There are 2 protein chains.
Amino acid sequence: MKEFNPQVSAVEALGALAHDTRLSVFRMLVKAGPEGLIAGAIAQAANVPPSTMSHHLGILERAGLVESERESRLIHYRADYEGMRRLLAFLMQDCCQGVPEMCAELLGELNCNA
Amino acid sequence: MKEFNPQVSAVEALGALAHDTRLSVFRMLVKAGPEGLIAGAIAQAANVPPSTMSHHLGILERAGLVESERESRLIHYRADYEGMRRLLAFLMQDCCQGVPEMCAELLGELNCNA
DNA sequence: CAGATCATTCTATCATGCTCGAAATATCGA
DNA sequence: TCGATATTTCGAGCATGATAGAATGATCTG
């Protein structure tokens, strides 16, 4: 039986993002939106072999940061916004429970200017 | 000459937080506020030897997530809110430049309830 | 200055993670 | 069914990270 430990999930997600190639891929997918990108195109864009990229995408997926869906021979990867939200919420939670003033200030600077 | 690469800094910060002990310590320091905590107390609270904790604190400090200040024999560690803000801003930036609707929704759920 | 306290740095061992070619799997078109 | 395409899984070699005892550095007190 696999328990739900928010901190363990957060460590896994942070570890998934703590890699140059994987962080680039995640950002790429966030920008790509709901349509996502095809595995091969991601590997090509990041300039790494398909097998290496597959490994990285697996790590991001297991961490709950991306989702994949097969469409015939192609596999679409897209960012998992809910996973991202969980991670950010976990990090902010400490802030809110600790020093709300600083937390508020921090959130205030994070506005979308789009 | 050491260049400033936001992505490299982000990877370093994410890597620093991607460890159970270090994430616990960082949360602890965020909750502790500006006064921070003493190195020895942190090691004791996390139940790890001082040398191991010193190693972890060094990683967090080099990543720009905590600051240290000596006060006689004791060394105070406190969370670096500016470093945390930079990391979160970097992660949100992708979101904002990509799909602003999702970004806004995501930020909306991150309100301090304190 | 000597001894005690607090913390870091050193060093060695052990564990985990990254990379990528080769082989395997899945799907399509002829 | 056969060959081509897209992707993953496997396996091995290499690199990096974690851990903690011992030694070192910094500071206070008597």
Side-chain angles (χ1 to χ4, degrees), chain A residues 7-26 28-29 32 35-80, chain B residues 5 7-29 32 35-80:
Chain A
Q7 164 125 351
V8 171
S9 304
V11 167
E12 193 178 1
L14 290 163
L17 293 176
H19 185 281
D20 196 61
T21 300
R22 291 197 296 264
L23 183 54
S24 295
V25 167
F26 181 71
M28 208 185 288
L29 289 174
E35 314 245 327
L37 296 170
I38 288 154
I42 299 173
Q44 200 164 359
N47 203 35
V48 300
S51 67
T52 302
M53 184 51 75
S54 182
H55 173 240
H56 288 314
L57 288 169
I59 289 173
L60 285 167
E61 187 165 31
R62 254 171 277 128
L65 291 166
V66 309
E67 296 170 323
S68 66
E69 192 176 2
R70 173 153 232 149
E71 185 183 328
S72 78
R73 266 179 299 191
L74 311 174
I75 299 187
H76 288 262
Y77 279 91
R78 77 179 82 81
D80 184 336
Chain B
N5 185 329
Q7 164 126 350
V8 171
S9 304
V11 167
E12 193 179 3
L14 290 163
L17 293 176
H19 185 282
D20 195 61
T21 300
R22 291 197 296 263
L23 183 54
S24 295
V25 166
F26 181 72
R27 297 178 67 193
M28 208 185 288
L29 289 174
E35 314 246 326
L37 295 170
I38 288 154
I42 299 172
Q44 199 163 1
N47 204 34
V48 300
S51 68
T52 301
M53 183 51 75
S54 183
H55 173 240
H56 288 314
L57 288 169
I59 289 173
L60 286 167
E61 188 165 29
R62 255 171 276 129
L65 291 166
V66 309
E67 296 170 322
S68 67
E69 192 175 3
R70 173 153 232 149
E71 185 184 328
S72 79
R73 267 179 297 190
L74 310 175
I75 297 187
H76 289 261
Y77 279 90
R78 77 179 82 80
D80 183 335

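Numbers restart at 1 for each chain; the letters A, B, ... are given by sequence-line order, proteins then strands. Treat the numbers as computed from the prediction; the structure is a model and nothing was measured.
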Using side-chain heavy atoms (C-beta onward) and a distance below 4.5 Å, is I38(B) in contact with H76(B)?
yes
For DNA chain C, whose closest nucleotide is more 5', that of A39(B) or that of V48(A)?
A39(B)
Starting at CD of E69(A) and ending at P of dT7(D), how long is that distance when rounded to a whole Å?
14 Å
Which one, dT19(D), dT8(C), dT8(D), comes nearest to the side chain of H56(B)?
dT19(D)
For the side chain of S72(A), counting heavy atoms from C-beta on, which of dC28(C), dA7(C), dC18(C) is nearest?
dC28(C)
Of the nucleotides dC20(C), dC18(C), dT8(C), which has the atom closest to the P49(A) side chain?
dC20(C)
Separation of atom NE2 in H55(A) from atom P in dA6(D), rounded to whole Å
23 Å
Grab the CG-P distance between L17(A) and dG17(C) for me, whole Å please.
15 Å
Under 6.0 Å from the CD atom of Q44(B), do we count more than 12 heavy atoms belonging to anything else shown?
no
Can you tell me the distance, in whole Å, between the NE2 atom of H76(A) and the P atom of dT8(D)?
12 Å
Could you check which of dT8(D), dA7(C), dC20(C) has an atom nearest any side-chain atom of I38(B)?
dA7(C)
Please tell me if R73(A) has a side-chain N or O lying less than 4.0 Å from either OP1 or OP2 of dG29(C).
no
Are H56(A) and V25(A) packed together at the side-chain level, in the sense that at least one heavy-atom pair is separated by less than 4.5 angstrom?
no
Can you check the R22(B) CZ to dA18(D) C1' distance for me, whole Å?
8 Å
Nearest-angstrom distance from the residue atom CG of L57(B) to P of dA7(C):
10 Å
Select one nucleotide: of dC18(C), dT8(D), dA7(C), the one nearest the side-chain heavy atoms of P50(A).
dT8(D)
Does any part of the side chain of D80(B), heavy atoms only, come nearer than 4.5 Å to the side chain of E61(B), both counted from C-beta?
no
5'-most contact on DNA chain D: S51(B) or I59(B), nearest heavy atom basis?
I59(B)
Between the base of dA7(C) and the side chain of S54(B), is there any donor-acceptor pair under 3.5 Å?
no
Would you say Y77(A) places a side-chain N or O within less than 4.0 Å of OP1 or OP2 belonging to dA6(D)?
no
What is the separation between atom CD on E71(A) and atom P on dT27(C), rounded to the nearest whole Å?
13 Å
Without swapping roles, check the side chain of S24(A) against the backbone of D20(A) for a donor-acceptor pair under 3.5 Å.
yes
Between dG17(D) atom C1' and H19(A) atom NE2, what is the distance in whole Å?
14 Å
